[in-house]
Student: 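The structure under discussion is supplied below as structure tokens; questions concerning it will follow.
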2 protein chains.
Amino acid sequence: MARLPLYLRALSALSERGVPTVSSEELAAAAGVNSAKLRKDLSYLGSYGTRGVGYDVEYLVYQISRELGLTQDWPVAIIGIGNLGHALANYGGFASRGFRVAALLDADRAVAGQRIAGMVVRHMDDLEQIVRDDHVSIGVITTPAPAAQGVCDRLVAAGITSILNFAPTVLSVPEGVDVRKVDLSIELQILAFHEQRKSAVDPAAPDLPAAAQPAASPAGGPAGDLPEVMPA
Amino acid sequence: MARLPLYLRALSALSERGVPTVSSEELAAAAGVNSAKLRKDLSYLGSYGTRGVGYDVEYLVYQISRELGLTQDWPVAIIGIGNLGHALANYGGFASRGFRVAALLDADRAVAGQRIAGMVVRHMDDLEQIVRDDHVSIGVITTPAPAAQGVCDRLVAAGITSILNFAPTVLSVPEGVDVRKVDLSIELQILAFHEQRKSAVDPAAPDLPAAAQPAASPAGGPAGDLPEVMPA
DNA sequence: AGGCTTTTGTGAACGTGTGCACAAAGCTGA
DNA sequence: TCAGCTTTGTGCACACGTTCACAAAAGCCT
Ligand SMILES: NC(=O)c1ccc[n+]([C@@H]2O[C@H](COP(=O)([O-])OP(=O)(O)OC[C@H]3O[C@@H](n4cnc5c(N)ncnc54)[C@H](O)[C@@H]3O)[C@@H](O)[C@H]2O)c1
Ligand SMILES: NC(=O)c1ccc[n+]([C@@H]2O[C@H](COP(=O)([O-])OP(=O)(O)OC[C@H]3O[C@@H](n4cnc5c(N)ncnc54)[C@H](O)[C@@H]3O)[C@@H](O)[C@H]2O)c1
């Protein structure tokens, strides 16, 4: 389940505060989910709760870490050391959660060789060797969008089976390779969408404020602006 | 719908290549979704397709932009100009999609005053005034996690109703305020989870490789490692 | 002009995820 | 030891999103 990391974070915070046990209600509130959902998620891992008491925090941290595969630490490689690659390389939050930045790579020979966060940026030529020697199985793509598919293909060919993609492109990969994407523009656009909804017919019923309009105007400009992009 | 931005991106690419029309099949492939799903999503906006031909690319771009509220451009403020805030400030990909970085803010007086990407970083003291004067309605939080909730509260108090949060915390906000989060650690943990599944019982049936074990051992260490975190 | 091909729009079945509600289970205190 | 209280684990119903499949519509070719 994709919510386990959330629970793990909340549990870690409790653990650091020395809290010995939590009820599903408390933990659910901390993670921002429904308590029944949380209990069902946890029961999927097995029955690790005590009725009338709750869950043992330390034990649950261990069980979830185990389920997520965080008892080992995963070497990750970051490809494309520009603005974003820099920020990720300097970010200390990975190491604390079972991930280790094993290598920084870039195609630009002016970038390769630089020291960033105590590591030397390697050139893409060394990709295959690095993946093999350091057993890297997770790759992070922070190259410009046009280069992303090519980089992805090379990563897959080198044996990487999990990719985190920051470039705004749909990557196609063979079966057995997992891709997750982080796309800021999409997040902002979704926010803008809701923002527009809010400001549309604020006082009255917030139902379908603008979407009902276009159907009413058969061929002319729907709202009077930008008619030049209308079809013939 | 959260998929509209994806369609919009694919359509923009087609538009730049001068393609006049697309079928739902082609567009679905480009966006990485099912064609029936795509048609249903688009039909939700109204009937903008021609049977036997497909959809007019330019027209659809306009309609989706309109639905998402991208015909206007949204001023955003970035709070916390550290590693990540820097990268976002330098990123050119926002402007091209209807977003404008209106202000950079930081609580550190050593950071405020610096010029980044042609803008002067402002101090948090000016937050309320900036939000009011520039009509900022979207805030991006890139401060350390412990500061996030406090910053969030100030943003909300200042009148911001949409927040994009990069700090690994659950933000609580009053009703009417939208929060979306981007959490790298969670993404990596999900990848690690699948990665572990793949490598677990690779040749045989990949069913529930490790989860069935703990129930069999009533009180001892479940698999022999890390017994010190087991409960009493 | 009329049939043929292509592609949309949508009805209906399906699967999944969510949340309520409650019985069973364990702890606590008398 | 036993009653009472708290909290888990889960059966069940419901709502949502996804996918198939097909009829209606539009263009095209003869
Ligand atoms: N900077 C941000 O805040 C931000 C935000 C959202 C999305 N993104 C996306 O992240 C990606 C990177 O953004 P950025 O601002 O860091 O860009 P950037 O131009 O600063 O950095 C890109 C780096 O990738 C390297 N590179 C180019 N082609 C390569 C290849 N084939 N193999 C290996 N390395 C290669 C370049 O040498 C450069 O160092 C882009 O796709 C961008 O759209 C960035
Ligand atoms: N750097 C990354 O690649 C990365 C990746 C994932 C998540 N994150 C998260 O993003 C956040 C920022 O990361 P970073 O590496 O940029 O951290 P950073 O320490 O480099 O930057 C944080 C900035 O926030 C400012 N700040 C602190 N408290 C503030 C407040 N109350 N109001 C306004 N500004 C304040 C600091 O002055 C600093 O400039 C963190 O929560 C981190 O967990 C970062």
Side-chain angles (χ1 to χ4, degrees), chain A residues 1-7 10-11 14 19-61 63-64 67 170 186 190 193 207-208 211-212 214-215 218-219 231-232, chain B residues 1-7 10-11 14 19-61 63-64 67 186 190 193-194 207-208 211-212 214-215 218-219 231-232:
Chain A
M1 287 292 181
R3 283 183 297 269
L4 289 181
L6 238 105
Y7 304 156
L11 284 165
L14 291 169
V19 179
T21 60
V22 258
S23 70
S24 61
E25 208 74 48
E26 294 169 297
L27 186 53
V33 299
N34 183 291
S35 69
K37 199 193 301 189
L38 180 133
R39 286 199 298 277
K40 207 156 252 178
D41 288 346
L42 294 185
S43 76
Y44 172 78
L45 308 182
S47 290
Y48 303 124
T50 308
R51 296 172 187 226
V53 178
Y55 298 89
D56 183 288
V57 173
E58 296 298 328
Y59 185 47
L60 209 47
V61 165
Q63 286 299 341
I64 294 180
E67 180 73 11
V170 178
I186 286 186
I190 294 172
F193 171 74
D207 218 5
L208 5 152
Chain B
M1 286 291 182
R3 283 183 297 270
L4 289 180
L6 242 112
Y7 304 155
L11 284 165
L14 291 169
V19 178
T21 61
V22 259
S23 69
S24 62
E25 208 74 48
E26 296 169 295
L27 185 54
V33 299
N34 184 292
S35 69
K37 198 194 303 190
L38 180 133
R39 286 200 298 275
K40 206 153 249 179
D41 288 346
L42 294 184
S43 77
Y44 172 78
L45 308 182
S47 291
Y48 301 126
T50 310
R51 296 173 188 227
V53 177
Y55 298 89
D56 184 288
V57 172
E58 297 297 328
Y59 186 48
L60 210 47
V61 164
Q63 286 299 341
I64 294 180
E67 180 73 11
I186 286 186
I190 294 172
F193 171 74
H194 289 119
D207 219 5
L208 5 153

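In what follows, chains carry the letters A, B, and so on, assigned in the order in which the sequence lines appear, proteins first and then strands, with residues in each chain numbered from 1.
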Student: Rounded to the nearest 0.5 Å, what separates atom CD1 in A:Ile64 from atom CZ in A:Arg3?
Tutor: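 So the gap between those two atoms works out to 11.5 Å.
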
Student: Out of curiosity, A:Leu38 CG to A:Tyr7 OH, how far, rounded to the nearest 0.5 Å?
Tutor: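 Here the interatomic distance stands at 4.5 Å.
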
Student: Could you state the atom-to-atom distance from CZ of A:Arg51 to C1' of D:dT8 in whole Å?
Tutor: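 Value for this atom pair: 5 Å.
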
Student: Can you check the A:Leu45 CG to D:dT8 C1' distance for me, whole Å?
Tutor: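 These atoms are roughly 14 Å apart.
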
Student: Using 0.5 Å steps for rounding, measure from the CD atom of A:Glu67 to the CG atom of A:Leu45.
Tutor: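 Reported to 0.5 Å precision, the distance equals 5.0 Å.
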
Student: Could you tell me whether the side chain of B:Leu14 reaches within less than 4.5 Å of the side chain of B:Leu27, counting heavy atoms only?
Tutor: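 In short, these two side chains touch, coming nearer than 4.5 Å.
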
Student: What are the 5'-most and 3'-most nucleotides of DNA chain C lying under 4.0 Å from any heavy atom of chain B?
Tutor: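 Under 4.0 Å from chain B, the extent on DNA chain C is C:dT6 to C:dA12.
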
Student: Can you tell me how far the CZ atom of A:Arg39 sits from the CG atom of A:Asn34, to the nearest 0.5 Å?
Tutor: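 That separation rounds to 8.0 Å.
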
Student: Roughly how far, to the nearest 0.5 Å, is the CG atom of B:Leu11 from the CG atom of B:Leu6?
Tutor: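 Between B:Leu6 CG and B:Leu11 CG, I get 10.5 Å after rounding to 0.5 Å.
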
Student: Rounded to the Å, how far apart are A:Leu27 CG and D:dT7 P?
Tutor: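 Result: 14 Å.
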
Student: How far apart are the closest heavy atoms of B:Ser35 and B:Ala28, and which atoms are they?
Tutor: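 That would be CA-CB, 3.5 Å.
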
Student: With rounding to the nearest 0.5 angstrom, report the OH to OG distance, B:Tyr55 to B:Ser23.
Tutor: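 Result: 9.5 Å between the selected atoms.
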
Student: Tell me which residues in residues 33-42 of chain A lie within less than 4.0 Å of DNA chain C, going by non-hydrogen atoms.
Tutor: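 Here the set is A:Asn34, A:Ala36, A:Lys37, A:Arg39, A:Lys40.
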
Student: Is the distance from OP1 or OP2 of D:dT7 to the nearest side-chain N or O of A:Tyr48 less than 4.0 Å?
Tutor: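 For D:dT7, neither OP1 nor OP2 has a side-chain N or O of A:Tyr48 closer than 4.0 Å.
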
